[in-house]
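Sequence positions, counted from 1, serve as the residue numbers for this chain.
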Amino acid sequence: MNKPENTDRNMLVAEAPKTALREEGLNPRGRVNRNLSPAELYEETLRLGTGRLAQGGGLITVTAPHTGRSPNDRFVVDEPGSSHLIDWGDVNVPIEEAHYRTLKAEIIERLNGSELYVRDARGGADPRYSVNVRVISESPWHDLFARNMFLRLGPGEEAGFEPDFIVYHAPSMQADPRRHGTNSGAFIVVHFTERVVLVGGTAYAGEIKKSIFSALNFMLPARGVLPMHCSANIGAAGDTALFFGLSGTGKTTLSADPARGLIGDDEHGWSDDGVFNFEGGCYAKTIRLSPEGEPDIYRATRMFGTILENVIVDERTREIDYDSARITENTRASYPIHYIANAVPGGQGGHPNNVVFLTADAFGVLPPIARLTPEQAMYHFLSGYTAKVAGTERGVTEPKAAFSACFGAPFLPQHPTVYARLLGEKIPRHGARVWLVNTGWTGGRYGVGSRMELAHTRAMLEAALNGDLEGTPRTVDPVFGLNIPTRVPGVPDSVLLPRGTWADGAAYDAAAAELAAMFKRNFERFAGGASEAVRAAGPA
């Protein structure tokens with residue numbers, strides 16, 4: 001479906017916008033498309049053959065072979081302006097500045113020879129702490145992704161827009177590990193001092209938003225703001241709740257509660273004035289999505305402007321097959337947050353009344369809900385125990401036990417204790433209750449037990465957030481020392497104590513001991529910077 005070359009829009013974008021990009025090092029030879037509407041980006045995607053329409057109005061795209069984040073292909077430039085602040089290691093892998101310069105010059109040359117799609121947007125709903133983001137891509141549907149996921153500019157804000165961070169995005173470009181110092185053809189490279197991100201060799205759109213999340217994680221702690229990998233919502237009484245957890249633990253699902261307003265889906269800041277969303281959209285997993293289980297998200301996936309990433313559809317009817325994992329388990333939908341009916345305008349809320357740590361326990365030994373003391377909260381925040389679920393990272397095909405500091409280690413440029421210290425100050429100052437909620441397995445470890453029922457998890461969370469668990473009886477888990485409610489409205493008592501859900505008590509004891517030992521080994525790296533009370537808050 002070739003478009004005529006003499007349309008008014010084509011004439012406009014072919015002229016003045018070129019020179020405006022020279023400050024970013026670009027001198028594009030092709031057409032530059034700035035801040036196009038979703039309808040225009042649909043047209044461009046269909047013209048280029050990089051997407052198809054689904055029944056209901058979504059835009060189907062495929063990112064294979066990269067269907068999740070590529071943590072082994074993410075690098076931070078080792079340069080004088082930021083190196084002393086970076087927690088170097090497996091997460092923040094250094095790349096030489098010379099390699100960065102070569103890679104940047106080549107990605108700019110690639111973009112100069114391409115038709116470009118430019119998106120000006122913002123990260124951070126609180127204007128005092130927001131950053132202006134410019135994404136320059138060769139792909140129109142990735143431009144739509146940036147429009148969905150970042151905060152959209154208001155009337156008149158495009159004029160005179162000055163970016164704080166620039167993302168150069170060329171998924172068709174492959175790096176050469178020998179010349180560029182990368183591990184493969186894919187690369188995500190962040191230069192914090194220049195405030196530049198280079199993304200290439202992968203079409204997985206999540207790399208765009210996660211790179212800016214990392215930038216905010218780097219910048220905000222110095223201003224007393226805790227950047228958090230969490231979702232947030234707010235009740236009718238104005239009570240704010242945070243939901244921490246890695247992908248697949250239920251952040252998106254559980255925060256999209258029809259009875260509560262949605263502040264945001266994935267990334268937030270906690271300042272001296274309260275909580276604010278970093279984003280303007282949601283990036284929800286869609287595998288096995290149903291209108292009964294997650295009606296708001298289901299409805300959003302069938303709306304015009306939504307990107308359906310690696311989702312399978314019927315070739316004739318274009319109806320979505322939510323159960324299919326033919327390409328990946330990590331099927332995704334990207335849509336503006338206002339597609340959720342109860343989204344909070346402005347993306348801000350007060351100080352949290354409740355903080356929830358979500359974990360998908362692959363061992364099946366943690367309780368479905370437990371109240372944490374302040375010391376236990378710090379211990380479990382630094383531990384960040386969960387299971388990586390299939391599809392969220394390359395090579396992960398079944399749940400695998402993992403510890404991810406602050407429930408977001410892949411996105412933390414600085415040492416985890418920097419973020420934990422901020423959380424440790426804010427929780428007691430604002431009187432937040434902290435809960436550990438297991439959305440993983442019960443009745444046995446993965447492969448033997450079953451996944452927690454979503455209805456039970458929702459009932460437990462509702463009781464916790466409403467204060468209904470304040471006077472209920474509790475028992476202390478003998479291994480993990482957790483305070484477990486023994487009565488929760490709407491939940492069978494038999495579900496609450498994990499050992500009783502196992503057919504073999506001795507097998508439970510062995511699995512609990514195994515996981516407790518893993519907690520202890522993992523926490524050794526934090527022990528030197530933690531108080532005695534926090535060190536003692538772990539498993540017995």
Side-chain angles (χ1 to χ4, degrees), residues 21-30 65-66 69-114 116 118 123 131-139 142 162-204 206-219 221-222 393-394 409-415 418:
L21 289 179
R22 285 180 181 158
E23 64 197 51
E24 277 83 63
L26 286 161
N27 189 17
R29 298 181 289 276
H66 296 270
R69 288 186 302 104
S70 297
N72 294 331
D73 297 312
R74 178 185 176 276
F75 301 91
V76 175
V77 180
D78 187 359
E79 47 83 26
S82 63
S83 293
H84 61 292
L85 295 173
I86 304 299
D87 181 30
W88 299 109
D90 294 339
V91 170
N92 298 300
V93 179
I95 190 170
E96 295 179 10
E97 191 160 17
H99 283 140
Y100 162 78
R101 297 285 170 212
T102 302
L103 199 54
K104 182 181 178 183
E106 292 184 21
I107 198 172
I108 285 177
E109 182 54 31
R110 170 64 65 99
L111 293 172
N112 277 337
S114 305
L116 297 184
V118 179
V131 296
N132 287 346
V133 179
R134 173 166 289 161
V135 180
I136 304 169
S137 180
E138 62 183 1
S139 165
H142 287 92
E162 295 289 340
D164 298 314
F165 252 90
I166 300 171
V167 179
Y168 296 92
H169 183 256
S172 70
M173 176 181 168
Q174 294 289 313
D176 180 347
R178 291 173 299 176
R179 290 193 302 109
H180 299 131
T182 60
N183 289 325
S184 72
F187 57 93
I188 305 96
V189 179
V190 184
H191 194 305
F192 285 116
T193 299
E194 283 194 5
R195 299 191 173 188
V196 164
V197 180
L198 311 177
V199 180
T202 171
Y204 182 65
E207 302 288 11
I208 297 173
K209 85 179 194 95
K210 289 302 183 185
S211 63
I212 297 301
F213 182 34
S214 294
L216 288 164
N217 279 347
F218 177 77
M219 299 166 63
E393 289 184 9
R394 296 182 67 199
F411 322 118
L412 305 183
Q414 301 192 53
H415 196 274
V418 171

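- Residues Phe165 and Ile212 are in side-chain contact: their nearest non-hydrogen atoms beyond the backbone lie under 4.5 Å apart.
- At distances below 3.5 Å, at least one donor-acceptor pair connects side-chain atoms of His66 with backbone N or O atoms of Gly201.
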- prompt: Arg74 and Val93: side chain to side chain contact (heavy atoms under 4.5 Å, CB included), yes or no, with the steps?
  reply: CA-CA 7 Å; Arg74 178 185 176 276; Val93 179; over 6 Å; no
field: CA sep, side-chain torsions, deciding dist, call: Arg29, Ser114, side chain to side chain donor-acceptor pair (under 3.5 Å)
entry: CA-CA 7 Å; Arg29 298 181 289 276; Ser114 305; over 6 Å; no
- request: Please assess Tyr204 against Ser70 for the test side chain to side chain contact (heavy atoms under 4.5 Å, CB included), listing each intermediate value before the final yes or no.
  value: CA-CA 9 Å; Tyr204 182 65; Ser70 297; over 6 Å; no
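- Contacts classified as salt bridge (charged side-chain N to carboxylate O under 4.0 Å, His left out) and involving residues 165-190 (residues at least two apart or in different chains) are given here: Glu106-Arg179, Asp176-Arg178, Asp176-Arg179.
- A 4.5 Å side-chain heavy-atom check between Leu111 and Tyr168 finds at least one atom pair inside the cut-off.
- When side chains are defined from C-beta on, Met219 counts as touching Val131, because their heavy atoms get closer than 4.5 Å.
- The shortest non-hydrogen separation linking Ala186 to Gln174 is N-OE1, 4.3 Å.
- Side chain of Asn217 to main chain of Phe411: a donor-acceptor pair is present (N/O by atom type, distance under 3.5 Å, no hydrogens or angles).
- Applying the side chain to side chain donor-acceptor pair (under 3.5 Å) criterion to Thr193, with sequence neighbours excluded, gives Glu79.
- The main-chain N or O of Ala98 is found under 3.5 Å from a side-chain atom of Thr102 such that the two form a donor-acceptor pair.
- Within the 4.5 Å cutoff, the side chain of Leu103 has heavy atoms near those of the Met173 side chain.
- Using modelled atom types, one side-chain atom of His142 and one backbone atom of Ala203 make a donor-acceptor pair closer than 3.5 Å.
- Remark: side-chain polar atoms of Asp78 are not paired, donor with acceptor, to backbone N or O of Glu96 under 3.5 angstrom.
- Taking Asp87 as the reference, nothing meets the salt bridge (Lys or Arg N to Asp or Glu O under 4.0 Å) condition, with sequence neighbours excluded.
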field: Asp73 vs Phe187, side chain to side chain contact (heavy atoms under 4.5 Å, CB included): CA-CA, chis, key distance, verdict
entry: CA-CA 5 Å; Asp73 297 312; Phe187 57 93; 5.6 Å; no
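- The two residues Ile108 and Gly25 have their closest heavy-atom pair at CG2-O, 3.3 Å.
- Formation of a donor-acceptor pair under 3.5 Å by the Asn132 side chain with backbone atoms of Glu162 is found in this model.
- Considering only heavy atoms from C-beta on, Ile136 comes within 4.5 Å of Leu26 through its side chain.
- Judged as a ring pair (Phe, Tyr, Trp, His ring centres under 6.0 Å), the pairs with a partner in residues 79-114 (not counting sequence neighbours) are, in order, Tyr100-His191.
- Between Val190 and Phe218 the shortest side-chain heavy-atom distance does not fall below 4.5 Å.
- Rounded to the nearest 0.5 angstrom, Leu198 CG and Thr182 OG1 are separated by 11.5 Å.
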- request: Check step by step if side chain to side chain contact (heavy atoms under 4.5 Å, CB included) holds for Glu138 and Arg110.
  value: CA-CA 9 Å; Glu138 62 183 1; Arg110 170 64 65 99; 4.1 Å; yes
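- The distance from the OG atom of Ser139 to the CG atom of Leu116 is 11.5 Å, given to the nearest 0.5 Å.
- Ion pair Arg69/Glu207 not flagged as a salt bridge, since none of the NZ, NE, NH1 or NH2 atoms sits closer than 4.0 Å to an Asp/Glu carboxylate oxygen.
- One N or O on the side chain of Asn112 and one on the backbone of Asn27 form a donor-acceptor pair closer than 3.5 Å.
- For the pair Phe192 and Val76, the minimum side-chain heavy-atom distance is below 4.5 Å.
- Shown here for Ala175 and Pro177, the closest heavy-atom pair between the two residues is O-CD, 3.6 Å.
- Partners of Arg101 under the side chain to side chain donor-acceptor pair (under 3.5 Å) rule, at least two apart in sequence or in another chain, are Glu97, Glu194.
- Taking the side chain as every heavy atom from C-beta outward, Val189 and Ile95 approach each other to under 4.5 Å.
- Remark: side-chain polar atoms of Asn92 are paired, donor with acceptor, to backbone N or O of Leu412 under 3.5 angstrom.
- When the side chain to side chain donor-acceptor pair (under 3.5 Å) test is applied to His415, the partners found at least two apart in sequence or on another chain are Thr417.
- Of all non-hydrogen atoms in Ile107 and Ala170, the two that sit nearest each other are CG1-CB, 3.7 Å.
- Note that CD of Gln414 and OG of Ser214 are 11.5 Å apart. Values are rounded to the nearest 0.5 Å.
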